[in-house]
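Numbers for residues simply follow the sequence, beginning at 1. First listed ligand is number 1; within each ligand, the first listed atom is number 1.
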Amino acid sequence: MENEVPPEEAAETPPEDLAAAEQVYRALRERMVQEQLIARGIQDQRVLAAMRHVPRHRFVPAEYRHLAYADGPLPIGAGQTISQPYVVALMTQLLELQGPERVLEIGTGSGYQTAVLAELVAEVYTVEYQPILAEQAQERLQALGYRNVWFRQGDGSLGWQEHAPYDAVLVTAAAPDVPLPLREQTMLGGRLVLPVGGRWGQRLERWRHLENDGWLREHFGPVAFVPLRGQHGWQEDFW
Ligand code: SAH
């Protein structure tokens, strides 16, 4: 999987250089896992293995590829960003995934978080608002060989009712409040992880759907995401 390269690069670059580049990326990835994730307390071994494996450099625009394993978010076009590796790891860890789950992700973006999820669970359903990003992410993940991901372009603040309920739901854009449809589509015992708040910052929240149909709401510190749009998101005037 990691030796696949985009056709435009394959045409120009000799195979031995591509293999050498992949070696460098693998080393950078290991360093990212050690210094950005393990050092800051990410402990879920399956999450660490997934992030060692997914080629993050394939998810960022060519002009930022040298920064693919740096400790921050990066632009991915259409005014959106790929999240910082630590935030991806933390949110994924908070979902408490074991393997057999079906997960709903809102905000496909580059598809990087989607790929991390696809490494960890049986099925991933992902929704992206921006048509161009939705299309590119789908092509990218298919080229990388992921076969357990279903894509949809549209308003993810409404969830994806057709395949509900989900064991876990992850929102990677900032919501003014927890969208009701996403709560309704999280099964009993399931987890919903999302950033809640406005333009000047949000806090990471986990909502656990208890077996008695109540909710346990927990907070995990400040984060900074782009806005969730759509019916249960931010209107342009407010962000
Ligand atoms: N997880 C992504 C980061 C995405 S940034 C990655 O790893 O690259 C947040 C994404 O949420 C953006 O692509 C944005 O277009 C998308 N988004 C915003 N509102 C949305 C909505 N209502 N439904 C689906 N996607 C939405």
Protein contact to [atom] [nearest heavy atom, distance to 0.1 Å]:
| atom | result |
| --- | --- |
| atom 23 (N) of ligand 1 | Gly156 N, 2.8 Å |
| atom 8 (O) of ligand 1 | Ser110 OG, 2.6 Å |
| atom 5 (S) of ligand 1 | Thr81 O, 3.1 Å |
| atom 25 (N) of ligand 1 | Tyr129 N, 3.2 Å |
| atom 18 (C) of ligand 1 | Pro227 O, 3.5 Å |

**Asked** Heavy-atom contacts under 4.0 Å between Leu228 and ligand 1: side chain, backbone, both, or neither?
**Response**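 Under 4.0 Å from ligand 1, Leu228 contributes backbone and side-chain atoms.
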
**Request:** Classify the contact between Thr114 and ligand 1 as side chain, backbone, both or neither, using a heavy-atom distance cut-off of under 4.0 Å.
**Result:** neither

Using a strict cut-off of 4.0 Å, indicate which atoms of ligand 1 neighbour a heavy atom of [X].
| X | answer |
| --- | --- |
| Val226 | 5 (S), 9 (C) |
| Ile106 | 23 (N), 24 (C) |
| Leu133 | 13 (O) |
| Val127 | 24 (C), 25 (N) |

Hydrogens and angles aside, do [X] and [Y] bring a side-chain donor and acceptor to less than 3.5 Å of each other?
| X | Y | value |
| --- | --- | --- |
| Ser83 | Gln113 | no |
| Arg65 | His57 | no |
| Glu105 | Thr126 | yes |
| Arg29 | Tyr69 | yes |

**Message:** Could you check, using the six-membered ring where one of them is a Trp, whether Trp150 and His163 have ring centers closer than 6.0 angstrom?
**Reply:** no

Heavy-atom nearest neighbour of [atom] within options [options]:
| atom | options | value |
| --- | --- | --- |
| atom 16 (C) of ligand 1 | Glu128, Gln231, His232 | Glu128 |
| atom 19 (N) of ligand 1 | Gln153, Gln113, Arg229, Gln80 | Arg229 |
| atom 11 (O) of ligand 1 | Gly79, Ala174, Gly107 | Gly107 |

**Request:** Could you walk me through whether Glu96 and Arg208 pass salt bridge (Lys or Arg N to Asp or Glu O under 4.0 Å), step by step?
**Result:** CA-CA 11 Å; Glu96 299 177 340; Arg208 191 187 292 279; 3.0 Å; yes

Under 3.5 Å donor-acceptor, [X] side chain and [Y] backbone:
| X | Y | answer |
| --- | --- | --- |
| Arg102 | Glu123 | no |
| Arg203 | Val196 | no |
| Arg152 | Val127 | no |
| Asn148 | Ala118 | yes |

**Asked** Of Val223, Leu204, Val47, which meets side-chain contact (heavy atoms from CB on, under 4.5 Å) against Leu90?
**Response** Leu204

So is [X] close enough to ligand 1, meaning a heavy atom under 4.0 angstrom away?
| X | value |
| --- | --- |
| Gly154 | yes |
| Ser157 | yes |
| Val88 | no |

**Asked** Do any N/O atoms on Thr172 end up under 3.5 angstrom from N/O atoms on ligand 1?
**Response** yes

**Prompt:** Do any nitrogen or oxygen atoms of Gln130 come within less than 3.5 Å of a nitrogen or oxygen of ligand 1?
**Reply:** no

**Message:** Could you check whether atom CD of Gln43 has more than 12 heavy atoms from other residues, nucleotides or ligands sitting under 6.0 Å from it?
**Reply:** no

